[in-house]
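The next block holds one structure in the form of structure tokens; read it before the comments.
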Amino acid sequence: MAQIKEFYDRFTDETVYPSTVTQAVMCPDGRDLESRLNTDRRDIESQLSNIYAEELISPESFPEIDELTRDELKKGLFIDMWNRRGNYNIKPLKKDFLFVAKYDPDNAPDADHPFYINKLWLTYEEALDVYEVPTAFGVLHNLNGTVAFSRAKTVFPMKGNTFSTLENYCDFCHSIQTIRVLDYYIVNNLDNPETTSVRCLSTRNFAVQCLELREVIGILELSEDFSKEHFYSTGVWPKLETIWLKGVKYNIPNAKSWIKLKVECWQFIVDNAANTTEITICVHPEVYAKLTDENNAEWHRVLTEAVARNINFATV
């Protein structure tokens, strides 16, 4: 029977044959790998023993960290979370990003309002209110009731898509001032995030009782499948200044509260209407007075072009 013989170095008594793989590998410094690993292991063990010998770390080891500093540390962590959440990857395959929120003290109006989101500058406490509102990062077909009864001044936008519905979205958010609509697949111009848009199937009860609402950011495009029964049962928006409605094809009975809506928005509604029959938009008496004033050229042009498109303005 064959036998394996072992050979030893006569001076060191180290095994010469058979040798391990690490002994057969030579390092650039001339040592074999086995020797190098043994040396490295001894160095690491020595360093660990020094660490173990040191005093254990405890809160008392850092007496300079008082309550104020801890609050600052928490705020620093929140700033990182805020910036990360405000960075939307619109087209993952192309790695196109849209920043809808960021901590930007250098461009803030004052030191107390460094948190930017949806055209608003917020305090730290106001930003916390916004962050606490749950929002989905995936693509949602239905935003129905996903945000309601919040005290926040705005919310991080949901990612909708072509078949989204805004029913009951942001209902009873009495302090909300701006809402951004965002389609996961449609960003007309990444260099100008204000052109973001969303196509939707329904706006029934959208932003009900949002009495502080001033602006809906982006284009609210009503899809071809938008049905009459899902239309404009919105709340009262006495402070609304901006909303871009595209594809209007039914009556708008509740626009009478839009007393502050800019003339550019009325013009946009008329220019981008999709009605095939006569429709009526009911507006506030003050708005109607401006539309019918022939000496007010900018407003009267809206009325003239609306008539040509089979769109009537009425008041109560």
Side-chain angles (χ1 to χ4, degrees), residues 142-145 148 160 162-173 176 179 181 183 197-294 296 298-316:
N142 190 346
L143 303 184
N144 190 349
T162 306
F163 306 103
S164 295
T165 170
L166 294 176
E167 288 189 15
N168 304 105
Y169 183 56
C170 290
D171 283 1
F172 301 100
C173 298
I176 202 163
I179 299 173
V181 293
D183 192 313
S197 64
V198 65
R199 294 195 188 108
C200 60
L201 298 173
S202 173
T203 58
R204 182 168 56 187
N205 297 327
F206 168 60
V208 167
Q209 293 299 313
C210 295
L211 302 181
E212 297 295 321
L213 182 63
R214 298 201 315 259
E215 180 170 2
V216 177
I217 305 170
I219 301 171
L220 189 57
E221 185 174 350
L222 313 180
S223 73
E224 296 178 356
D225 298 322
F226 200 100
S227 56
K228 187 174 182 179
E229 60 269 20
H230 288 168
F231 201 54
Y232 303 129
S233 299
T234 55
V236 178
W237 300 332
K239 296 184 179 181
L240 184 67
E241 299 174 358
T242 306
I243 187 170
W244 307 102
L245 286 176
K246 182 178 181 180
V248 172
K249 57 182 178 180
Y250 300 119
N251 298 332
I252 307 181
N254 295 330
K256 53 184 176 292
S257 67
W258 304 353
I259 186 174
K260 293 187 176 182
L261 192 65
K262 297 186 297 187
V263 64
E264 295 87 352
C265 295
W266 289 116
Q267 188 68 62
F268 186 88
I269 291 172
V270 170
D271 291 344
N272 293 277
N275 59 302
T276 56
T277 60
E278 183 179 85
I279 62 174
T280 299
I281 302 175
C282 187
V283 298
H284 191 276
E286 292 185 17
V287 175
Y288 188 78
K290 289 186 284 188
L291 290 167
T292 56
D293 183 0
E294 296 182 1
N296 193 335
E298 188 176 23
W299 281 87
H300 192 65
R301 182 170 60 251
V302 176
L303 177 64
T304 303
E305 295 182 8
V307 171
R309 291 175 175 268
N310 216 10
I311 300 173
N312 299 320
F313 281 97
T315 188
V316 291

message = Measuring from atom CD1 of Ile281 to atom OG1 of Thr315, what distance do you get when rounded to the nearest 0.5 angstrom?
response = 12.5 Å

Gap between atom CD of Glu241 and atom CG of Leu213 - 0.5 Å precision = 10.0 Å

ask   = Between Phe313 and Tyr288, what is the shortest heavy-atom contact and its length?
value = O-CE1, 3.3 Å

query = Just how far is it from atom OH of Tyr250 to atom OG1 of Thr280, taken to the nearest 0.5 Å?
reply = 15.0 Å

ask   = Hey, what's the ring geometry for Trp258 with Trp237, parallel, tilted or perpendicular (30° and 60° as the breaks)?
value = parallel

ask   = What is the distance from atom OG1 of Thr242 to atom CD1 of Ile217, rounded to the nearest 0.5 Å?
value = 9.0 Å

key: Residues Lys249, Ile279; criterion side chain to side chain contact (heavy atoms under 4.5 Å, CB included); working and verdict   = CA-CA 7 Å; Lys249 57 182 178 180; Ile279 62 174; 5.9 Å; no

Heavy-atom pair with the smallest gap, counting every atom of Ser257 and Val236 = CB-CG1, 3.6 Å

Distance, nearest 0.5 Å, that separates NZ of Lys239 from CD of Glu212 = 3.5 Å

note = What one should report as the nearest heavy-atom pair of Cys210 and Cys173 is SG-O, 3.7 Å

query = What are the two closest heavy atoms between Val316 and Cys282, and how far apart are they?
reply = CG1-SG, 3.7 Å

inquiry  = Tell me the closest heavy-atom pair linking Asn251 and Glu278, and the distance in Å.
reply    = OD1-O, 4.5 Å

query = Is any side-chain heavy atom of Phe268 closer than 4.5 Å to a side-chain heavy atom of Leu245?
reply = no

ask   = Are the side chains of Glu264 and Trp244 in touch, meaning some heavy atoms are under 4.5 Å apart?
value = yes

request  = Taking the side chain as every heavy atom from C-beta outward, state whether Leu261 and Trp266 have any pair of such atoms under 4.5 Å apart.
outcome  = yes

Result block: side-chain N/O donor-acceptor pairs under 3.5 angstrom for residues 298-305, not counting sequence neighbours:
from: His300; atom 1: ND1; to: Leu291; atom 2: O; distance (Å): 2.9
from: Thr304; atom 1: OG1; to: His300; atom 2: O; distance (Å): 3.1
from: Glu305; atom 1: OE1; to: Gln267; atom 2: NE2; distance (Å): 2.7

Heavy-atom pair of closest approach, residues Leu240 and Glu215 = CD1-N, 4.1 Å

